[in-house]
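Here the structure is laid out as structure tokens; the discussion comes afterwards.
Note: hydrogens, waters and symmetry copies are ignored here, and every other heavy atom, side chains too, is used. A, B, ... follow the sequence lines: proteins, then strands. Residue 1 opens every chain.
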Amino acid sequence: MIEFKDVSLVYPNGTQGLKNINVKINDGEFVVIVGLSGAGKSTFIRSINRLVTPTSGSLLIDNEDILSYHGKNLRKLRTKTGMIFQNYNLVKRSNVLKNVLAGRLGHTGTLRSILNLYKKEDIGLAYESLKRVNIEEKLYNRADELSGGQQQRVSIARVLTQQPNYILADEPVASLDPPTSHQVMTYLKKINKEDNITTIVNLHFIDMAMEYADRIIGMRAGEVVFDGPVSEVSEQTFEEIYGRSIREDDLRGGANKS
Amino acid sequence: MIEFKDVSLVYPNGTQGLKNINVKINDGEFVVIVGLSGAGKSTFIRSINRLVTPTSGSLLIDNEDILSYHGKNLRKLRTKTGMIFQNYNLVKRSNVLKNVLAGRLGHTGTLRSILNLYKKEDIGLAYESLKRVNIEEKLYNRADELSGGQQQRVSIARVLTQQPNYILADEPVASLDPPTSHQVMTYLKKINKEDNITTIVNLHFIDMAMEYADRIIGMRAGEVVFDGPVSEVSEQTFEEIYGRSIREDDLRGGANKS
Amino acid sequence: GGSDESDSSNGGETEDSGSEESASDEESTEESEGMIPETLVIGFVPSQDSDTIADTVEPLAERLGEELGIEVQGQVMTNYNALVEAMGANQVQVGFIPAFGYVLANEQYDVEVILKSIRYGSGTYKAQYVVRSDSGIESLADLEGKIWAYGDQTSTSGYLFPASQLMEEFGYDTSAELEANFFSGTTQTGGHDNSAIAVYEGEADVATTFDDVRTELEEEYPDVMDELTILGYTDEIPNDTISVTKELDKEFVQQIKDVFLSFNDDEEMISIMNEVYNWDAIDEATDEEYQVVKDTYAKFKDNITLE
Amino acid sequence: MENYSLPPKPKNSLWKKIKTIVITLLVIGLYVWTFTGIDIEWSRVIERALNNFQRVIPKLLSPDWSATSEVALAMLETVFIAFAGSLMAAILAVPIAFLAANNMMGKYLSVIGKWILSAVRAFPDIILAILFVVAVGPNAFAGVLAIAIGSTGMLGKMFSEIIESIDMDIVEAMQANGANRIQILFYAVMPQIIPEFLSYAIYRFEVDIRASSILGIVGAGGIGTMIIFASNNRNWNEMGTILLAIIIVVTIIDFASARIRRKIV
Amino acid sequence: MTKEKPSLTADKTPSIYPAKTKMQVTLIFFVIIGIYLFSMYWTQREMVGGIGGALGNMYVVIEKFFPPNFAVLPAIWEPMAQTIQMAILATTVSAILTVPLALLSAQNVTTFKPLYYLTRTFLNILRTIPDLVLAVLFVGLFGIGLFPGILALIVFSLGILAKLISETIESVDMNPMEAMRASGGNTLQVIWYALVPQVAPQFASLVLYVFEINIRASVVLGLVGAGGIGLILNQQLGFYNYPNAMAIIILIFVVVIVIEFISNKIREALL
Ligand SMILES: Nc1ncnc2c1ncn2[C@@H]1O[C@H](COP(=O)(O)OP(=O)(O)OP(=O)(O)O)[C@@H](O)[C@H]1O
Ligand SMILES: Nc1ncnc2c1ncn2[C@@H]1O[C@H](COP(=O)(O)OP(=O)(O)OP(=O)(O)O)[C@@H](O)[C@H]1O
Ligand SMILES: [Mg+2]
Ligand SMILES: [Mg+2]
């Protein structure tokens, strides 16, 4: 269970990334966070595995406040939370397999991992994950030889290899074509359901959000402006999240206005 | 007018980026290119302003074969074709305004641009473009201080500042939230119509493509597998482009298969 | 008091300077009169063959300027190649050069010696052979089969003169043969002090240094005077020169010479020179006195051992 | 789930294998050669160190304060000369670096550029010093020139490597704008390289301050000359003073440069 | 979002940089130029005459170096080899020692500030000591011979390497490191997986660069009795055998080129 208790985050330059967030995410939920660019979606997600540290409030995961974590505790937390990034974050100069195996780091002894002495199962798992995102044939290619979409798929495979309890995904499908996007979302949904892995995804597309989410959290300017099951999403919700109603005067009008 | 005549492109490493492309794009058209990751969409677009050079065939723009261009000719060609990139390609250490002003480089004398002596109109135009993508308040921020979506908007502003005859956009909305995406597409569409600027956009999302395109070109493995007006797009088309029909057994099945 | 000691060389000097004069007269008829620079530049390369080395010629340059009535600039340079070339290009007109450097400058660019320094009352100095007191080495012949430490091969007292002496005495034609066949090993130490320390520490059996390097080491190695003894000395090596470039006007050169010589009667200057350069006095000198160095140089120049 | 299995690794060609083996053997050979060629008597070294520690270190740590003003003056001289020299080098190095960078000038020109830089670096300081003394006489300016040329080789090499490592996507974006080469230089390349250039130039400035023995050769004085004299005279106390001066000055420069860089980067 | 209607001729066009930044950069620029001009003036104040005859003068000297006397090559091979051996040894040791030091002095790896400042200061002091002083000092301590020479090279190159490499580390793409950290990797693993691949080419080229420096620094080693090619070079210059010296310089040049070539090959392989 993840619980944000009055969490705020101010970046060193003064930008308020999160503002008094109170959210409770139950085990096994599939939550999609939507919001405008700069709304604080990434900040929200990155607080959970402490890639950024909220400046006030408390953030409980499995009933422990993780804001005070450091060292071993933090690594343990991160081992059980997998993360998929907006910009892939692959080591461009390493090959695909090595990038994917990095997902096992938290589970592998330091010496073992430095000497590349992965267990056979780990390597098999990595290969398996690559197959799941249909990119197994690029196994030995260097990451920078792949197209954007292919790179994102590798980074997803990395998280799959990690076998986490929580999956955090920061716009995982932003660079994927629709079939692959849906594939990935479906897969995330599937492991969410089958293995009961709590999954939190940032998405730009509310339609896709509606299709996969159990629950939608809408953010705007660092605040949660909507939080509820998909069934409760209405025109009104869009307005709250995007600051105006979706489609009608807004989408077409955006450019007209200027 | 842009005309691909039997254009092929083989990358130095042997990958066939384009295979016998025959396409004619008339002035003022709004063409959206769709296809799987790795289909060759980027390669297609980048051939037009010669960021990559096709290895055979001929590519006519305004009835001149641009494949033999170099030096001044090439710069002239590029001045009249604006380009929006998948990865923004901003100078991270320069501020937003300077990045946007770079769009005027082709129109500005070397000395002037080196000394930062832009015409007042140019600076005004740059500011204007920033307003159009709603990011004028970040004027003096360094590009690397912006979020992904914000960076992409700056890069669009850069092209708007260039006032080109052709706009090439390589997944311009991959990192934008839906309202901004629609705004941008609408804006591209609007200048396409008003100024009769031929616009060629790569998109992953066939629904968005259907909404804005006059004409859709579907690519697969370097080949054009569909080319026609939006009205002609059918289930069959999806199958051709994505190698299987959209949605039904495909999207859900993707994960099942593995 | 220094001028007394140089009587013997004085006689030769007049003869020699006469011939030099006539030689340059021929030249000056072809070209113009010799030049008098607006600023006279003095280059100073401190001799390593000396117990203390100063890093300034400022007081000397100042006085010289006052006497000559033109601006005089003194520069200390740490490498005599640079000074030789600078004199060749007439960028430096007056050089305080060690004997070996003077020989090079004279051969390459006809630089002329006008004066020399007098140290410890003498216009020459000697190199010494240093051995451990308990080594049992009593003559140069005992050095056979021993290990030889020297500063570097371009050092007059550290290498050239002793090597030359040993070659003559024991019948070797080249220094390579001397090093390879007479000694069992050689160590190039980089400096006179290091050579002596090498012997002190037992890494070498004999060091060739200026006379007397031990005084410099006394502070760090208090027992150095007892532990090390001087086995012998080489021939006399002429002291540092004061030389001028061939372009300089003859009368002006004479003027410079006079001013320097007048310092001998100036208590203040003597004390400065003594303190800064260990000089007691300045005396006239002729090229001839350096013939011995030229001969030695000729012996080594071409068959230089490349290890 | 299927069995975890991995497809076979793509087989390296025989040629590649041979190459790997040959290179490995070469490297091993090189080290064997090195270790057999170098012969250090450890017992002697340690014994000497124990004996000499008392002779040298305490004196070094008790600087000769009477030399302070002299050292300070020499230090100031050195700083000025090194500054002028390394700034000149930083400027000279830029065009050569662009010539030597293979992503700017093409393969063949860049080889020429690299050779020029290697040649400059192969030239020993002392010969540069001689040349400039002959050219402009024994003075500080000769020192500036010698430092400038001596530093150009290193800076040029570093600069060219920085240029080779820039993000070419941005260059591409500028090309797509129709910018010409000079504009690309100023808009896409410069912003990416300036901070690194700056830090290498400042770094070189530091190097020039402490490697100032070249100034002694040209008669420009400075701290390098003092070092040579102090070492020839075995004056460890004065050496201590000089060291202290250098450490202070370089630390100040380091501090100031960090601030400047933060402003400009 | 948009509050006001933009008009094409915006009444006040902004300048490219905010006034404050402009001011600061201009100020820094002028201070630097000012110091430069002063330095140039100050260093030229002792200059006698112009630089009119400069090139002619230089030509006279340069001419003396030609033609190089390659006949000495067989004789200088041994000191050259010795120089290379010392350089290999010194470079290897300092490359190994550099790794922990560079990591500890990289701000993005060592987040524990006191440790970072401690290492940084240590390296600064190390870097500050001139090679000549190092050589003299080590000879004072260890006596003449190979050991003080090699030690001087090690300390000297350690200072250079650790600084350059720590800066390379500070400029890597932090995203992959973040990803590794997010998957629970410990510091060592993050470094090994995300940092090393990014730094490796630069590391290799800097190490080879330092190797090259070490070869050229053999001039200093000559001063302390450690032998090597620098000693021979000084000697040949001292005896006015300029053509011999030129042959040695050309040999050094060839070695530099070879190292450069190897460096490029390694970089290509790693990039
Ligand atoms: N490291 C940082 N330092 C300062 N400000 C930051 C930093 N990261 C993000 N911000 C600012 O915080 C706000 C929220 O950023 P965040 O990245 O969470 O938005 P987002 O919703 O993920 O946007 P996008 O959809 O564009 O990725 C933005 O205004 C952004 O400019
Ligand atoms: N510079 C290159 N060198 C070699 N192969 C390349 C290069 N750029 C692209 N490719 C390959 O060419 C094919 C087409 O690539 P392209 O980038 O055009 O695809 P895309 O349709 O734009 O994909 P995406 O949607 O992922 O951006 C891919 O298989 C890709 O791996
Ligand atoms: Mg985000
Ligand atoms: Mg693409």
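When all heavy atoms of Thr154(C) and Phe100(C) are compared, the pair lying nearest together is O-CD2, 3.6 Å. In terms of heavy-atom proximity, Ser157(C) sits nearest to Ala127(C) at O-CB, 3.1 Å.
Put simply, of Gly88(C), Ala198(C), Ala89(C), the one with the most heavy-atom pairs under 4.5 Å next to chain E is Ala89(C).
Using a 4.5 Å cut-off between heavy atoms, Leu40(C) does not touch chain E at all. At a 4.5 Å heavy-atom cutoff, Val103(C) makes no contact with chain E through either its backbone or its side chain. Using a 4.5 Å cut-off between heavy atoms, Glu107(C) makes no contact with chain E at all. Only the side chain of Leu104(C) comes within less than 4.5 Å of a heavy atom of chain E; its backbone N, CA, C and O stay farther away.
Results of the side chain to side chain donor-acceptor pair (under 3.5 Å) test with Tyr109(C) over Lys246(C), Glu247(C), Glu85(C) single out Glu85(C) as the only residue that passes.
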>> Between Asp205(C) and Phe183(C), does the side chain to side chain contact (heavy atoms under 4.5 Å, CB included) criterion hold? Intermediate values first, please.
In response: CA-CA 10 Å; Asp205(C) 299 302; Phe183(C) 289 106; over 6 Å; no
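Using a cut-off of 4.0 Å between Lys/Arg side-chain N and Asp/Glu carboxylate O, Glu218(C) and Arg214(C) are scored as not salt-bridged.
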